**Q** 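There's a structure below that I have some questions on.
Order of the sequence lines fixes the chain letters, A, B, ..., with proteins taken first and strands second; residue numbering starts at 1 for each chain. Since the structure is predicted, the reported quantities are computational estimates derived from the model, not experimental observations.
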There are 2 protein chains.
Amino acid sequence: MSKPLPLLTSPPPERRDAARNREALMEAAVCLVELHGVRGVTMDALAARAGVGKGTVFRRFGSREGLMGALLNHSETEWQAAVMGGPPPLGPGAPPLERLLAFGESRMVLNIKHAELIEAAGNPGARSFAALSFTTMHVRYLLGQLGVEGDLAYLATALVAPLEMIVLREQVDREQIPMDRITAGWTDLVRRVAGG
Amino acid sequence: MSKPLPLLTSPPPERRDAARNREALMEAAVCLVELHGVRGVTMDALAARAGVGKGTVFRRFGSREGLMGALLNHSETEWQAAVMGGPPPLGPGAPPLERLLAFGESRMVLNIKHAELIEAAGNPGARSFAALSFTTMHVRYLLGQLGVEGDLAYLATALVAPLEMIVLREQVDREQIPMDRITAGWTDLVRRVAGG
DNA sequence: GATCGAAACGGACTACAGTCCGCTTCTATT
DNA sequence: AATAGAAGCGGACTGTAGTCCGTTTCGATC
């Protein structure tokens, strides 16, 4: 007899020791962030706290940036759920424009809250493809709902770009622009793009 | 007699040995980038090549990011000159909308060209305040010329945001969007924001 | 339950960023 | 020209990211 037809079983299942370590690592990482802040999460400290070797940490996350990306992902999942299925105006139920504006503000708050983590995660593939594009995809969908015409993928990217942490921090920290002015500015931007 | 009135002489002049070393360091840095790429520019290698101690490198640039920021600044100065005083449509002379569109495209090309350097420079203050805000200031000015109403500072930031390297790389490298579609998208964005 | 290949582990090792402090060089003053 | 104090210098030292490879653990098969 040949093997039990691995037809659609693409990824080989995770070994039990690997699963145990992954769990221990994530828990230790969250704990270290709370205790010592993002900067205090060193790969050595993480390995020690999780009771594994350093090599294991790198096998799991690839790099420090990868680790931070994983933590970020963990945190963002909750927010994504609120957007997809939470109460209006962020979740479904409110009219599209209201939803879009609520979305923008919510995203700003989130990006500022996670600023350290985002920075530590860097850009490179760390903020997993899926997580990053979720934001753009959602805006694109809402633009469609609003009946906007044109290259919606690009317009979505353009609307999301000024919500990025790197841009926000420039405005908030350096230029000292108050949050409500930023919110108002983005609202105006949306109105112009959506046509009205 | 008291001192010769240091009234307006704000920064104490640079010592000669310091000037010599600064020059040697910049030259060595440019050379190393050409030879081994941005990643090959280590602080040790730079110090060795310039014939100075490591402490001197850090005294001069503060950090690796600071060094990269200095290199970037060096490269961008030329471009700023082209924007402020070069031939149209980038430089003065062309109608504002044409100038703005030329500006956007030029900025994209530049950001992609300098991608490695920009990334290595990080965000934190390294891309000197002045250099960073030049772009936004210029867009703001052109929006004014176009007779756009509203919070021009915010609108300028919003138009510049999707030209940032971090956003462009996502589009070009990961989503494989061709450059001309990106250019077209930005052009459309500008038209919507400027009201048309 | 014995065997075997593959996957995962762990920690010593390397390379680089950034610090520290005693030493040298410069410049202003007399 | 001599001197003093400040500015600058340099390289040994520390801490952390990331690599490497011999060893251990797992789970599939017989």
**Q** Both Gly53(A) and Gly62(B) contact DNA chain C. Which one's nearest nucleotide lies toward the 5' end?
**A**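 Counting from the 5' end, the first nearest nucleotide belongs to Gly53(A).
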**Q** In whole angstrom, what separates Arg60(A)'s CZ from dA17(D)'s C1'?
**A** 19 Å
**Q** Which part of the nucleic acid, if any, lies within contact of Arg22(A), taking any heavy atom under 4.0 Å across all strands shown: a base, the sugar-phosphate backbone alone, or nothing?
**A**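 Result for Arg22(A) = nothing.
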**Q** With a non-hydrogen cut-off below 4.0 angstrom, is Arg59(A) in contact with a base, only sugar-phosphate, or nothing?
**A** base
**Q** Please state how far atom CZ in Arg64(A) lies from atom P in dG18(D), giving the value in whole angstrom units.
**A**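 From Arg64(A) CZ to dG18(D) P: 9 Å.
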**Q** Please check if the side chain of Thr183(B) supplies one atom and the backbone of Met179(B) the other of a donor-acceptor pair under 3.5 Å.
**A** yes
**Q** Are Glu14(A) and Arg60(A) ion-paired here, with the side-chain N under 4.0 Å from a carboxylate O?
**A**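 A salt bridge is present here (some side-chain N lies under 4.0 Å from a carboxylate O).
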**Q** With no hydrogens and no angle check, is any side-chain donor or acceptor of Arg99(B) less than 3.5 Å from a backbone partner on Val83(B)?
**A** yes
**Q** Starting at atom CG of Leu67(B), determine the distance to atom C1' of dA17(C), rounded to an integer number of angstrom.
**A** 12 Å
**Q** Of Phe58(A) and Gly55(B), whose closest DNA chain D nucleotide lies nearer the 5' terminus?
**A**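 In this pair, the answer is Gly55(B).
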**Q** Would you mind telling me which of Leu146(B), Leu143(B), Leu142(B) makes a side chain to side chain contact (heavy atoms under 4.5 Å, CB included) with Leu152(B)?
**A**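 So, applying the side chain to side chain contact (heavy atoms under 4.5 Å, CB included) to Leu152(B) and each of Leu146(B), Leu143(B), Leu142(B), only Leu143(B) qualifies.
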**Q** Phosphate oxygens OP1/OP2 of dA8(C): is one of them under 4.0 Å from a side-chain N or O of Thr56(A)?
**A** no
**Q** Can you tell me which nucleotide in dG18(C), dT25(D), dG10(D) comes closest to the side chain of Val52(B)?
**A**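 Side chain of Val52(B) sits closest to dG10(D).
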**Q** Which whole-number value in Å describes the distance from Glu65(B) CD to dG18(C) P?
**A**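 Between P of dG18(C) and CD of Glu65(B): 7 Å.
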**Q** Using heavy atoms and a sub-4.0 Å distance, could you list which residues of residues 28-51 of chain B are near DNA chain D? By number, please.
**A**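 Nothing qualifies; none.
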**Q** If I take atom CD in residue Glu14(A) and atom C1' in nucleotide dC9(C), what distance separates them, rounded to the nearest angstrom?
**A** 14 Å
**Q** Just how far, in rounded Å, is P of dT24(C) from CG of Asn21(B)?
**A** 17 Å
**Q** So do the side chains of Val160(A) and Arg107(A) get within less than 4.5 Å of each other, counting heavy atoms only?
**A**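 They are not in contact (no side-chain heavy atoms under 4.5 Å apart), so the answer is no.
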**Q** Is there a donor on the side chain of Lys54(A) or the base of dA17(D) sitting less than 3.5 Å from an acceptor on the other?
**A**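 Answer yes: a donor N or O sits under 3.5 Å from an acceptor.
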**Q** Determine the contact category for Arg15(A): base if any of its heavy atoms lies under 4.0 Å from a base atom, sugar-phosphate if only primed atoms, P, OP1 or OP2 are that close, otherwise nothing.
**A** base
**Q** Out of dT27(C), dG10(D), dC9(C), which nucleotide sits closest to the side chain of Arg16(B)?
**A**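 Selected nucleotide: dT27(C).
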**Q** Under 4.0 Å between a Lys/Arg side-chain N and an Asp/Glu carboxylate O for Glu119(A) and Arg169(A)?
**A** yes
**Q** Does a side-chain heavy-atom distance below 4.5 Å link Met26(A) with Phe61(A)?
**A**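 Yes - at least one pair of side-chain heavy atoms lies under 4.5 Å apart.
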**Q** Quick one: Arg20(B) CZ to dT24(C) C1', roughly how many Å, whole number?
**A**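 Answer to the nearest Å: 12 Å.
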